[in-house]
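Numbers here simply count residues along the sequence, with the first being 1. Order of listing sets the numbers, starting from 1, for every ligand and every atom in it.
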Amino acid sequence: MAVTMWWLLLLITVVVVAFHSASASVIESTWEVEYKYWWPDCKEGIVMAINGQFPGPTIDAVAGDTAIIHVVNKLSTEGVVIHWHGIRQYGTPWADGAAGVTQCPINPGETFTYKFIVDKAGTHFYHGHYGMQRSAGLYGMLIVRSPKERLRYDGEFNLLLSDWWHQSIHAQELALSSRPMRWIGEPQSLLINGRGQFNCSQAAYFNKGGEKDVCTFKENDQCAPHTLRVEPNRVYRLRIASTTALASLNLAVEGHQLVVVEADGNYVAPFTVNDIDIYSGETYSVLLKTNALPSKKYWISVGVRGREPKTPQALTVLNYVNATDSRPSHPPPVTPTWNDTERSKSFSKKIFAAKGYPKPPEKSHDQLILLNTQNRYEDYTKWSINNVSLTVPTTPYLGSIRYGLTSAYDLKSPAKKFTADGYDIMKPPANPNTTKGSGIYSFPLGIVVDVILQNANVLKGVVSEMHPWHIHGHDFWVLGYGDGKFKPGVDEKTYNSKNPPLRNTVVLYPYGWTALRFVTDNPGVWFFHCHNEPHLHMGMGVVFAEGVNRIGKMDIPDEALGCGLTRKWLMNRGRP
Ligand SMILES: [Cu+2]
């Protein structure tokens, strides 16, 4: 019965999309990806630039538009892909841009065309999804406007937040995959729209550094922050996205309150705060009223939460048109204490769906309880889910399933629950050894799946890290958060079934659990993983296949599958 209902909903969605596209337009561009010298934090480094720009160009579309992006790989020795974070790719799973999952990396010198419908209005972004290329700066904003915008505002700004290391991603990848693992450490700088300041502060004037540590960048420098210029007594929409590799962030605009109205492309019931927490993979829109004293300037500050911050705040300035000061005449806001987890939880728990959003289905058909652990595998450090550290295969799952190439990955699925019932999440693992694998979870279409993410202590010491989990191809309802070990049959009763927010990224707090629910309404193969770049690199993810028999009939462009066993299959196609 429930299954039929979801099919009906899916059908309606398809009809609506088809209807809308009659009036929609096409956004087409060619993007050349290459390494380039750049000064993101006033110190020379190497970034992955798109058409010579860092961050990459902003896509500005209207829901229902078709995006056609020809990605030209101008890197001399490595592949590349681009993932459209927040776009569900209904009917085009091969355009999702996850290397090894939905496509082969684009070879040096070659071009791959992403063609997909930007189905959903909201604040999104795009980024590299091969190796640690996101951390090398391969990212940009993806704004999708609603033809029926319900928010009222006078202007808007995009704030794309990231963290930056001076060590190249190649050195970082090697360090993390060495035995013993060499930790990459905390980022050197935080960037706002690709701009930060290393070893100096715009606010040194007000802290211990004094005048001598004040940044001396010039207005046109690549690291010079962009000031947000506003008029008094207006409402501005700040579209904020975090594509950090590691850092959990907190953003505040001094002297102004923020009304949170959107999260991950979904409207939320508006609530007012002095600052917001934002985890990697998340986006928010906040409304800011310019009702402060217009003759003053105000700091916008971004600082680290959740890990002991060794990285200074990123700063820029909110400037009213008639302000005259050269810089704010007071110190910037202080980022809340990094380890005040209760404060972070209370922010997460303020987020509810706006009126008019569908409630989650009442019951689920399947449940996964995914234990997140840090482990060892032959003295390598790994992150594992239910004791399997994910190794993404050479042949993309989407292609191996399409053509029935069963030797391309482990056919055995990982466990749906962690088998050792007595696992003590408060202590380092009693048996630190883990396994590696490429097995996936397979679901029929039109069912409701619950996932409970369970956190635990890391290998050593009394530490449990935060993990922002991101799903491809879907939004999920965030049903709830809890402390300690999830109690099946008991903790389900605490779920919010009334107005849980729909999101594509959710944080798993230290020593706690997070529960979410989604509907398998999108035939394809979808990554679900920790958005923390080093963690994903060390195996922290799982893969969902939905509607395997539908995948078997899909018309996947051959260009997406020119590697591994699918390449071989395509070369021999039609031959005996
Ligand atoms: Cu993680």
Y511 meets the ring pair (Phe, Tyr, Trp, His ring centres under 6.0 Å) criterion, sequence neighbours left out, with none
Presence of salt bridge, K487 and E492, under 4.0 angstrom
no
May I ask you to check whether H472 and H129 place their ring centres under 6.0 Å from each other?
yes
Using the side chain to side chain donor-acceptor pair (under 3.5 Å) rule, collect all pairs that involve residues 387-400, keeping only residues at least two apart or in two chains.
N387-T434
With sequence neighbours left out, the residues meeting side-chain contact (heavy atoms from CB on, under 4.5 Å) with A353 are Y357
K345/D483 ion pair, N-O < 4.0 Å
yes
Using a cut-off of 2.8 Å, count how many protein N, O or S atoms are strictly closer to the Cu ion (ligand 1).
3
